[in-house]
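Data block below; observations after.
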Amino acid sequence: MSPDLFSPPVSPLVSGLNPEQAAAVTLPAEHALILAGAGSGKTRVLTTRIAWLLQTGQVGPGGVMAVTFTNKAAREMTTRLSAMLPVNVRGMWIGTFHGLCNRLLRAHHQAAALPATFQILDTQDQLSAIKRLCKQHNVDDERFPPKELQWFIAGAKEEGLRARDVPARDEETRRKVELYALYDEQCQREGVVDFGELMLRSYELLRDNDALREHYQRRFRHVLIDEFQDTNKLQYAWLKLFAPPPLEGLGTGTGAVFAVGDDDQSIYAFRGARVGNMADFVREYRVRHQIKLEQNYRSVSNILDAANHLIGHNQRRLGKNLRTDAGAGEPVRVNEAVSDFAEAQWLVEEIKALVREEVPRSEIAVLYRSNAQSRVVETALFNAGLPYRVYGGLRFFERAEIKHALAYLRLIENPRDDTSFLRVVNFPPRGIGARSIEQLQDVARAAGCSLHDAVSAVTGRAGVAIGGFVAKMDVMRERSEGASLKDIIELVLEHSGLIEHYRQEREGQERVENLEELVNAAESFVMQEGFGRDAAALTQSPASQGLDPNAPPLAVPIADPAPDADTGETLSPLAAFLSHAALESGDNQAHAGQDAVQLMTVHAAKGLEFDCVFITGLEEGLFPHENAMSDRDGLEEERRLMYVAITRARKRLYLSHSQTRLLHGQTRYNLKSRFFDELPEHCLKWLTPPQAQGWGGMGSAGWGGHRAMGARSEPQPAWSPGWKAASAPAPEPDRGTAIKAGMAVFHNKFGEGKVLAVEGAGDDARAQVSFNRHGTKWLALSVAKLTPIE
DNA sequence: CAAAACGAATTTTTT
DNA sequence: ATTCGTTTTG
């Protein structure tokens, strides 16, 4: 089993790798599972594997397929690969699941029963399509909230289930299934596909089309998958069609699957990911090569010890322990704060100290379990004048003004796209009201055609107004013919009236800038994708085919004339750009580039690393989250999440929790997270919070003082959020007997307890008190006698 | 048609 | 609290 037997004597590619990495890279062309721990050089192994396969002549670029989850990961792989080898990366299928599905469906749109110009619905579009459908079928949105239906449909597709395949035991499910079927019909009619459909449709395409499937099975000698622990049922089934396991009836089964993953970093079960796919893969593919990458190149051993010890508390693991050659490093610092404000203030002081030690701000990350927690931290950082950047939130292509512009562009491509039609038929406002639109929808429904095609049949004023819109669209479509992408977009921005509309809007300046940015985005897209010189791009494909001894020209007659067509090369620039916009929603971090402290959820931090990491809000109910604490699987996923958080840190790790926290407008009292008990004492250093003096007193006073000094007079930096009045507890005039959250109180009957929250005022005021012996109760302050105690 | 007012929801998220 | 979406109101 020594991989050295198979590898060529000296390959410079392999020389810098540790033995396990080198072994993984040089495995023979057989199925393999690489268990890659955090910081173990996973991406490096993946890319070097591809480079090694190509360099040793085992496969040509056309015979490689590499699948990732995010565009970022796909880009990184492509970039690193082309840095390693002078290879034509375009000949390879490297991309996200959805990107590759799109490519496949574009190339075989006919076989997949899709129009050549099919458009992709993102989550927003999907929801509005569902809402529209529900309205049309008079669905009671109390009983069937559109969001729930969306979840139901997306969930079913991720399981690989069509409406007819979903088991419906009760009446409610039957109705949902019915709506699922109607939704799919609507999408088909309109020529649009949602994200789940991209996967499911291409899965079915290959499953049902023997010639096509066998063609791709012959072509892809090596199929590599990143983050395998995050695959859902359908994605695994999809992979199996490209490279079937032995004895699985569906093909010749000769492509080798190289799966890389880490069960300890599986944090997406809530959206359908199945860690179990790893074990299934080993069994079904009779995997003989399993390699663990346990050498960690990221963190000092105190941090790694903490991570290993914590994750050791999970029952269901494949088993892995990270090790490092780095020294112990600093201990993991633990802080307990009185309030979330005090926690944020502590954070600021520590960050300032780090910055004084010349740690770049961008090497400092503040992680939290849920987005709601970012606010306090933001306010504190803002008041301290520390630049920061929040990940998450609206991405470029999700902004309303951009979606509007894209809707016009999509209508140029595909007039049947009713979702886009409805989005912009009256935007900017052009006097087409709800009644006119309903009239149009009635006609379209009766005729079974798209809104666009129904226009001519609408009479009266409504007909004229909407007719004007359609005529406008037709003009734009005509003028776009043969124009460059840039010209098309500028034409649309002008002709639609979008730019004009936002120019006149008071707060529209930023939106106008974004629209102008859209033109830039399109231009750089054209550059990157090598459009503009279509001829040059086209010559690449045959050339790369020629280099590939394992991908012979098609011998089997296939309905589609160009089964290998790379969509990027045959699609019009506009069509390609629209796909790009739907599949890659752009940066979700505000204002990149500046040296700023990084704020994000733990989920968003996966795959990133920083010198210094703060994990905040480590409290029972928050982290682990209350919704996940009930069952073991949920709790284990929370623990993996904590594991991911810890392993983001290279040199310094800070953990903090707070006794009280303002959440949903009320103060909650939280116990410290059980995860603290699962960390080894020897690598921790408990800090005594300087401001911890009693309940809330100094915490808010110190905070208030800071605020009073006021960053308000300072110029508002570009990176800052809009200023919101700090929600710090106002130093209320002391009424002596006032019961406040966090207080320790005494009750004649229930004894001692702590006030969790206070609601209402005057005679209606109630307090939630957690009694030491009698549980948690709500008490009306006008009735119950609560005495504050020391 | 737009602004104001009300009400419900509020773990994590990529494509 | 606060945000977001729907309904009501001018």
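Hydrogens, waters and symmetry mates play no part in the numbers below; they use all other heavy atoms, side chains included. Owing to the predicted nature of the structure, the values given are computational and were not obtained by experimental measurement.
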Item checked: From CG (A:Leu655) to CE (A:Met642), nearest 0.5 Å -> 5.0 Å
Note to self: Looking at B:dT14, I'd like to know if its phosphate oxygens (OP1 or OP2) sit under 4.0 Å from a side-chain N or O belonging to A:Asn232.
What the structure shows: no
Check: Using Watson-Crick pairs (N1 to N3, plus N6-O4 or O6-N4) and G-U wobble pairs, both distances under 3.5 Å, which stems of at least 3 pairs involve DNA chain B?
Finding: B:1-10 with C:1-10
Note to self: In whole Å, I'd like the distance from the NE2 atom of A:His580 to the P atom of B:dT15.
What the structure shows: 11 Å
Check: Hey, is A:Asp141 close enough to A:Lys147 for a salt bridge, meaning N to O under 4.0 Å?
Finding: no
Notebook entry, point to check: Looking across every strand, which nucleic acid part, if any, lies under 4.0 Å from A:Gly433 by heavy atom: base, sugar-phosphate, or nothing?
Noted result: sugar-phosphate
Item checked: Atom-to-atom span, CG of A:Asp141 to C1' of C:dG5 - whole angstrom -> 12 Å
Next item on the list: Determine the contact category for A:Asn371: base if any of its heavy atoms lies under 4.0 Å from a base atom, sugar-phosphate if only primed atoms, P, OP1 or OP2 are that close, otherwise nothing.
Entry: sugar-phosphate
Item checked: Residue met sooner reading DNA chain B from 5', once A:Gly431 and A:Gly99 are mapped to nucleotides -> A:Gly431
Next item on the list: Please state how far atom CD in A:Gln229 lies from atom C1' in B:dT14, giving the value in whole angstrom units.
Entry: 14 Å
Next item on the list: List in numerical order all residues of residues 616-648 of chain A for which some heavy atom is under 4.0 Å away from an atom belonging to DNA chain B.
Entry: A:His625, A:Asn627
Note to self: Cation-pi check for A:Tyr643 against A:Arg640: NZ or CZ below 6.0 Å from the six-membered ring centre and within 45 degrees of the axis, yes or no?
What the structure shows: no
Note to self: Whether the A:Arg410 and A:Thr419 side chains hold a donor-acceptor pair (N or O, under 3.5 Å, no angle test) is what I'd like checked.
What the structure shows: no
Notebook entry, point to check: A:Phe427 and A:His501: aromatic ring centres closer than 6.0 Å?
Noted result: yes
Notebook entry, point to check: What distance, rounded to whole Å, do you find between the two P atoms, one in C:dC4 and one in B:dT13?
Noted result: 15 Å
Next item on the list: Would you classify A:Asn71 as touching base, sugar-phosphate or nothing, given that sugar-phosphate means primed atoms plus P, OP1 and OP2, and contacts are heavy atoms under 4.0 Å?
Entry: sugar-phosphate
Margin query: In whole Å, I'd like the distance from the CZ atom of A:Phe397 to the P atom of B:dT14.
Written below: 16 Å
Next item on the list: Write down the distance between CE (A:Met199) and C1' (B:dT14), rounded to a whole number of angstrom.
Entry: 13 Å
Item checked: Expected output: side-chain A:Arg389 to main-chain A:Gln598 donor-acceptor under 3.5 Å -> no
Check: Expressed in angstrom and rounded to an integer, what is the separation of A:Gln150 atom CD from B:dT13 atom C1'?
Finding: 12 Å
Notebook entry, point to check: Can you list, by residue number, the residues of residues 262-272 of chain A that have a non-hydrogen atom closer than 4.0 angstrom to DNA chain B?
Noted result: A:Tyr268, A:Phe270, A:Arg271
Next item on the list: Taking the six-membered ring for Trp and the single ring otherwise, decide whether the centroids of A:His603 and A:Phe270 are under 6.0 Å apart.
Entry: yes
Check: So, the side chain of A:Asp194 versus the backbone of A:Leu121: is there a donor-acceptor pair under 3.5 Å, distance only?
Finding: no
Check: What integer distance in Å separates A:Arg668:CZ from C:dA1:P?
Finding: 16 Å
Margin query: For A:Arg162, is there an ion pair with A:Glu197 - N to carboxylate O distance below 4.0 angstrom?
Written below: yes
Note to self: When the P atoms of B:dT12 and C:dG5 are compared, how many Å lie between them, rounded to an integer?
What the structure shows: 16 Å
Item checked: Under 4.0 angstrom between A:Arg375 side-chain N/O and C:dT3 OP1 or OP2 -> yes
Next item on the list: With DNA chain B as reference, determine whether A:Lys72 or A:His664 sits nearer its 5' end, using the nearest nucleotide of each.
Entry: A:His664
Notebook entry, point to check: Does a salt bridge link A:Glu584 with A:Arg75, judged by any charged N lying under 4.0 Å from a carboxylate O?
Noted result: yes
Notebook entry, point to check: With respect to the phosphate group of B:dT15, does any side-chain polar atom (N or O) of A:Asn102 fall under 4.0 Å of OP1 or OP2?
Noted result: no
Next item on the list: Kindly say whether, by distance alone, the side chain of A:Thr123 makes a donor-acceptor pair under 3.5 Å with the base of B:dT15?
Entry: yes
Notebook entry, point to check: Are side-chain N/O atoms of A:Thr231 and A:Asn277 paired as donor and acceptor at under 3.5 Å?
Noted result: yes
Margin query: I want to verify a distance call: between B:dT11, B:dT15, B:dT13, whose nearest atom is closest to the A:Ser370 side chain?
Written below: B:dT11
Margin query: For a quick check of understanding: with a heavy-atom distance under 4.0 Å over all strands, which category does A:Lys131 fall into, base, sugar-phosphate or nothing?
Written below: sugar-phosphate
Next item on the list: Determine, using ring centers only, whether A:Phe382 and A:Tyr388 are less than 6.0 Å apart.
Entry: no
Check: Within this structure, what is the CD-to-P distance between A:Gln373 and C:dT2, rounded to whole angstrom?
Finding: 16 Å
Check: Hey, which of A:Glu626, A:Glu620, A:Glu619 is the one that makes salt bridge (charged side-chain N to carboxylate O under 4.0 Å, His left out) with A:Arg668?
Finding: A:Glu626
Note to self: Students often get this wrong, so: under 4.0 angstrom with heavy atoms, is A:Asn426 touching a base, only sugar-phosphate, or nothing?
What the structure shows: sugar-phosphate
